[in-house]
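Here is the structure we will look at, set down as structure tokens.
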Amino acid sequence: MKRAAAIWCITALLATATQAQTKRPAQTEKAKMDAYINGLMAKMTVDEKIGQLNLVTGGEATTGAAVSTDVEGKIRKGQVGGIFSLTTPGRIRKAQEIAVNGSRLHIPMLFGQDVIHGYKTSFPIPLALAASWDMPMIEHTARVAATEASADGINWTFSPMVDIARDPRWGRVAEGSGEDPYLGSAIARVMVKGYQGDDLKKANTIMACVKHFALYGAAEAGRDYNTTDMSPNRMYNEYLPPYKAAVDAGAGSIMASFNDINGTPATANKWLLTDVLRKQWGFNGFVVSDYTGVSEMIEHGLGNLQQVSGLALKAGMNMDMVSEGFLTTLKKSLAEKKVSLADIDAACRLILQAKYKLGLFDDPYKYCSEERAKTEILTPAHLKFSREAASQTFVLLKNDNKTLPLKKAGTIALIGPLGNSRANMPGTWAVNADLGNTPSLLEGLKAVAGDKANIVYNMGSNLLDDATEQKNGTMFGREIPRDARSEQDMIIDAVRTAEKADVVVAALGESSEMSGESSSRSNIQIPAIQQRLLAALLKTGKPVVLVLFTGRPLAIKWESENVPAILNVWFGGTQAAYAIADVLFGDVNPSGKLPITFPQNVGQVPIYYSHKNTGRPLPDGKWFTKFRSNYLDVSNDPLYPFGFGLSYTNFNYGGVTLSSGTLKNGGTITASVTVTNTGDREGKETVQLYTRDMVGSISRPVKELKGFQKISLKPGESKGVKFTISVNDLKFYNADLKYVAEPGEFKVFIGPNSRDVKESHFTLLDR
Ligand code: BGC
């Protein structure tokens, strides 16, 4: 550290002395950085430069077969640019000391981690956070995550995951913000801001890594890591915007995706990593591969390790996660003139810049405070916020006869394999959560009901019929012990428990590892064994509330027709159990809205609100019409549309008023609506604005989200909600990929979800 700091001071002084006082501060800062890095790179051997491009694992948590070996030896030799999955100030300090004191040039390392939805205080999974539509709240979850992670030694997170996903078979829908580019972009921006704050040099901010660039969410058939093939039009208008939003928000790094895109894996896709990312978007951070993304190109069929490593580097890949293809082959490729020194230098410079921006050359141990680790992690304030945040993400899908909220009285039977599992509460990718100390739903209900209600639990069924399938869906410490009794015996027992109760809360759905990475499903229903349990519970005639745990949209048509109340709770983080109880008992009024469409069945997939009209659209309200775009066996309607979610109160929407019937280029118009709380309790409502471009040079979606506002209304209260629409909001990428707004008629829709809207229209003028 001393040496590094000394070099920094001298170079900084020199740089300052030679700079004209008149330069803008940003330029001065950039010039200082360049001078420092130029000085450092002048001393580096090719091996040391290549070493900076190597990212190794330091912990146990891995997502592939390969693990890094001889990490300490490599650090000493200057062969490691960063480590991930190593935590705690003590361990990180030790590793950093080896780099700073033990390697020739004393270059500090980056310490990365998958801090995806919170750190030790975990928050709802990203898909759930998106359901809150609450940007300040989402930003604050990232802020808290950064505070805790940086207090534990981490300075770089592999988040936000901004992949648009419209196929719920893909397990990783859980990790993103759903189907919509507008909502996804808004979330991408606030996540980056939450992690990076206003100054990356602060000790409580960490560098974001936007992933997975790009189109990972469009994997064919929803099978993880599968091929994607997409038109430029769809890419630019629907899938790329959230990555761009994160880049524009200043994300310091980006992770390439595993998939191939129109024939070239993203990891070596020059068009993607250089032409789009650098040239079109002006990205100035660094690009890291995903876990063994470089060596996996051997399996993609692109050549041997040396060939694929060269391809990746030349395409614009800067850091190789775990493959060690860069480390072991680039020098040879350089000698053989297959890559150039300029390619290696460019990548090395970007890694060093990241370290500089984080302030690691000033103080490589700035994230290694034992004191902070003791006082800033799992604080009462963080836990309180986690509980509040979780309660904002639940989506009330159905509530007949005011089944919810429950009274804190009588006997409540909690039944189902997910009702008493602590480990399944935080959700997939909660790698730092203390699974053993996360209250189960049973514990949460008991804590919130206190002695007012008698809560009894019965497991009712196993998670899945098949034991092996259950094992595969409950990895990483998320086991749900299997009950050895027969299904029949378990149901009889559960029914007995239900019969003695006033109301049944059925905690069913997926375990947390049934979504997430490499957890694709071809059947997206509640597992059959649980459905049979649910049917038996309904037969008792007791009111049944389905508390649905899921990391993806599930096809719950039968449940939606037969269960009186359904609360979709996703996976809500450390405090989920209390938050679910808060909502079930009505201490909090649910306000979540779906960030992704729920299909009627898997055959409708991909189904999303922002589809094209086709030349043969189905007339509204119809199911099947011959020679129209539809199915014989199911209507085109989703089960629950994008943006949908109920409340314990009701909201009434007035008509849409526009400030003008025409919009001039450069001008704006205002769309207004009055929303009234017509029920008897206070509630929050996310008012959504959509537009439709009626005539375009290319076909345009039937609706596109263009704005939303989350408001709170007291019983009887009305609020006027105004949205400003500017020409920019109407722009799209045309057939030449030019970003344009085309004059003509536009429809404006406002409503509580993408289906139940009121509409008006205006004309965009030529000038
Ligand atoms: C995942 C990434 C993750 C990385 C490191 C990969 O398998 O796709 O999202 O950041 O592992 O853990």
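We count ligands from 1, going down the list as the structure has it; atoms in each ligand are counted the same way.
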Short list, please: which atoms of ligand 1 are under 4.0 Å from a heavy atom of [X]?
X      : result
Tyr291 : 6 (C), 7 (O), 11 (O)
Asp290 : 1 (C), 2 (C), 3 (C), 4 (C), 6 (C), 7 (O), 8 (O), 11 (O)
Glu517 : 1 (C), 6 (C), 7 (O), 8 (O)
Lys211 : 2 (C), 3 (C), 9 (O), 10 (O)
Phe84  : 5 (C), 12 (O)

Report the part of [X] (side chain from C-beta onward, or backbone N, CA, C, O) that has a heavy atom under 4.0 Å from ligand 1; answer both or neither where that applies.
X      : result
Met161 : neither
Tyr225 : neither
Arg172 : side chain

Closest contact, heavy atoms only, [X] versus [Y]:
X      : Y      : result
Arg278 : Val287 : NH2-CG2, 3.6 Å
Ser369 : Pro89  : O-CG, 3.7 Å
Val162 : Val210 : CG2-CG1, 3.7 Å

Legend entry - Parallel, tilted or perpendicular, as decided by the 30° and 60° cut-offs, for the rings of Phe642 and Trp133: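 Tilted, since the angle between the ring planes falls between 30° and 60°.
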Inset, instruction - May I ask you to decide if the ring planes of Phe361 and Tyr356 are parallel, tilted or perpendicular, using 30° and 60° as cut-offs? - result: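 If you compare the ring of Phe361 with that of Tyr356, the planes turn out tilted.
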Inset, instruction - Using a strict 4.0 Å threshold on nitrogen-to-oxygen distance, state whether Lys120 and Glu148 make a salt bridge. - result: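 Salt bridge flag = no for Glu148 with Lys120.
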Inset, instruction - Considering only NZ, NE, NH1 and NH2 on the basic side and carboxylate oxygens on the acidic side, decide whether Asp167 and Arg169 come within less than 4.0 Å. - result: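 Salt bridge between Asp167 and Arg169, a charged N being under 4.0 Å from a carboxylate O: yes.
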Legend entry - ligand 1 to Glu175 polar contact by distance, N or O atoms, under 3.5 Å: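 Between Glu175 and ligand 1 (N or O atoms, distance only) the closest approach is not under 3.5 Å.
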Inset, instruction - Decide whether an N or O pair under 3.5 Å exists between Tyr216 and ligand 1. - result: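 In fact, backbone or side chain, Tyr216 has no N or O that close.
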